[in-house]
Amino acid sequence: MKTSSDILPKRFYSKKASELAPKLLGKIIHRKLGKAVLSGMITEVEAYEGDNDSASHACGGMKNKNSTMFAVGGTFYVYFTYGNHHCCNIVTGKESEGQAVLIRSVQPLSGIDIMSMNRFQRSCENQKDMINLTNGPGKLCKAFAITRNENGLDLTEDTIWITQGKKIPAKNIAISKRIGISKSIDFPWRFTIADNPFVSRKP
DNA sequence: TACTAGATCGGCT
DNA sequence: GCCGATCTAGTAG
């Protein structure tokens with residue numbers, strides 16, 4: 001069991017989104033749910049910056065919907081899209097910069113039965129179910145029971161927090177173009193752990 | 001296995 | 001109205 005000293009400090013999040021994103025790979029995200037704690041290793045992320053990034057929610061300035069994205073680095077930003085999907089982001093940089101890293105996939109580590117019930121209303125039966133549990137932004141939010149109620153949380157507090165986890169060597173990080181957007185699609189700001197099956201799509 | 005379309009709803013035009 | 005940082009089921013090959 002991790003201790004609180006492993007929680008990544010606020011200053012860890014003070015970098016630009018595109019610099020921080022690869023460093024988040026291999027980190028462990030934890031989410032307290034009642035008496036249980038769900039956790040998973042981050043395997044896939046995408047960076048979204050404010051300026052020069054027309055795909056970012058922050059592009060065009062602060063609005064009601066995206067105001068959390070302009071919070072200080074280390075804040076959790078959750079938004080709702082396509083009718084029934086939530087996506088979760090980690091805000092980076094300084095306050096009012098509007099940068100964030102989208103978490104696209106994690107590898108389930110603990111609380112797997114609870115995640116599976118959240119998503120399938122049944123237990124995982126095989127490896128395929130395990131992968132399908134959290135290999136996409138909407139999927140992992142459902143498995144972790146993340147909704148807009150969690151928007152704006154501080155990632156150094158004890159509801160949702162991130163710990164050091166495993167260090168991923170640079171050569172095991174695959175870089176590719178972002179997925180699922182129609183603007184600024186050429187930015188190489190998608191980072192995945194090479195050879196890890198828990199990603200939404202191979203680069 | 002690969003591609004296509006429908007679901008579904010909050011916020012912006 | 002329309003569109004979206006998605007997912008799933010369905011059809012074709």
Side-chain angles (χ1 to χ4, degrees), chain A residues 13 16-22 24-25 29 40 42-71 73 75-93 97-108 115-122 124-153 155 160 174-192 197-203:
Chain A
Y13 301 99
K16 285 169 55 175
S18 56
E19 281 179 32
L20 188 70
L24 283 169
L25 294 175
I29 182 166
I42 298 172
T43 55
E44 177 178 359
V45 295
E46 282 179 10
Y48 286 87
E49 298 190 354
D51 300 335
N52 304 324
D53 185 2
S54 49
S56 169
H57 287 177
C59 183
M62 178 155 52
K63 301 180 184 113
N64 262 345
K65 175 184 173 186
N66 63 13
S67 57
T68 305
M69 201 165 164
F70 291 85
T75 303
F76 205 54
Y77 168 48
V78 182
Y79 67 91
F80 187 67
T81 190
Y82 289 109
N84 17 341
H85 297 293
H86 295 273
C87 298
C88 59
N89 297 249
I90 296 165
V91 178
T92 78
E97 286 185 340
Q99 310 187 22
V101 175
L102 169 70
I103 303 178
R104 291 190 56 91
S105 300
V106 303
Q107 174 176 347
M115 292 186 207
S116 186
M117 289 304 285
N118 288 340
R119 233 175 86 61
F120 306 127
Q121 286 78 51
R122 61 173 176 79
C124 274
E125 289 168 4
N126 50 44
Q127 180 74 1
K128 209 174 159 185
D129 280 352
M130 286 273 292
I131 292 176
N132 193 33
L133 198 55
T134 54
N135 68 335
K139 297 177 185 180
L140 79 91
C141 283
K142 193 157 191 182
F144 276 74
I146 291 169
T147 68
R148 281 207 310 287
N149 291 333
E150 278 66 50
N151 186 34
L153 283 177
L155 289 171
I160 296 177
I175 301 175
S176 55
K177 293 178 186 177
R178 293 178 293 180
I179 289 179
I181 55 176
S182 52
K183 298 170 186 169
S184 300
I185 55 175
D186 289 332
F187 284 77
W189 283 351
R190 174 173 178 249
F191 303 90
T192 56
F198 295 88
V199 296
S200 61
R201 203 185 301 175
K202 288 267 181 192

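Chain letters run A, B, ... following the sequence lines, proteins first and then strands; every chain starts at 1.
Not one side-chain nitrogen or oxygen of A:Lys142 sits closer than 4.0 Å to the OP1 or OP2 atom of C:dT6. Phosphate proximity of C:dT6 to A:Arg178: absent, as no side-chain N or O sits under 4.0 Å from OP1 or OP2.
Residues A:Cys59 and A:Tyr48 fail the side-chain proximity criterion, which asks for heavy atoms closer than 4.5 Å. With contacts defined as side-chain heavy-atom distances shorter than 4.5 Å, the pair A:Phe80/A:Thr147 does not qualify. The shortest side-chain heavy-atom distance between A:Arg122 and A:Asp129 falls under the 4.5 Å cut-off. Considering only heavy atoms from C-beta on, A:Phe144 stays 4.5 Å or farther from A:Ile103 through its side chain. In this structure the side chain of A:Leu24 never reaches within 4.5 angstrom of the side chain of A:Phe191, judged on heavy atoms.
Distance, A:Met62 CE to B:dG11 P: 17 Å, rounded to whole Å. Remark: P of C:dT6 and CD1 of A:Ile146 are 16 Å apart, rounded to the nearest angstrom. In this entry the distance linking NZ of A:Lys139 with P of C:dA9 reads 10 Å, nearest Å. The distance from atom NZ of A:Lys63 to atom C1' of B:dT13 is 11 Å, rounded to the nearest whole Å. In this structure, the CG atom of A:Asn151 is 11 Å from the P atom of B:dG11, given to the nearest Å. One interatomic measurement links the two molecules: CG of A:Asn84 to P of C:dA9, which rounds to 13 Å at whole-angstrom precision. The distance between atom CZ of A:Arg201 and atom C1' of B:dT1, rounded to the nearest whole Å, is 14 Å.
A side-chain donor from one of A:Ser184 and A:Ser54 sits under 3.5 Å from a side-chain acceptor of the other. A donor and an acceptor atom, one from each side chain of A:Asn132 and A:Lys128, are nowhere located under 3.5 Å apart.
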Give me the distances for all protein-to-nucleotides 1-5 of chain C N/O pairs that come in under 3.5 Å?
residue : atom : partner : partner atom : Å
C:dA5   : OP1  : A:His57 : NE2          : 3.3
C:dA5   : O4'  : A:Tyr48 : OH           : 3.4
C:dA5   : N9   : A:Tyr79 : OH           : 3.3
C:dA5   : N7   : A:Ala55 : O            : 3.4
C:dA5   : N7   : A:His57 : NE2          : 3.1
C:dA5   : N1   : A:Asn89 : OD1          : 2.3
C:dA5   : N3   : A:Tyr79 : OH           : 2.9

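Across B:dA5 and C:dC3, the matching P atoms stand 16 Å from one another, rounded to whole Å.
Contact annotation for A:Arg190: no contact, since no heavy-atom pair falls under 4.0 Å across all strands.
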Exercise for the section: Both distances under 3.5 Å, Watson-Crick or G-U wobble: on that basis, could you give the dot-bracket string for DNA chain B, with [ ] for crossing pairs and | for other-strand partners? Expected result: |||||||.||||.
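A:Ala21 and A:Ala47 make their closest contact through CB-CB, 4.1 Å (heavy atoms, listed as atom of the first residue, atom of the second, distance).
Rounded to the nearest 0.5 Å, atoms NZ (A:Lys142) and CZ (A:Phe120) are 9.5 Å apart.
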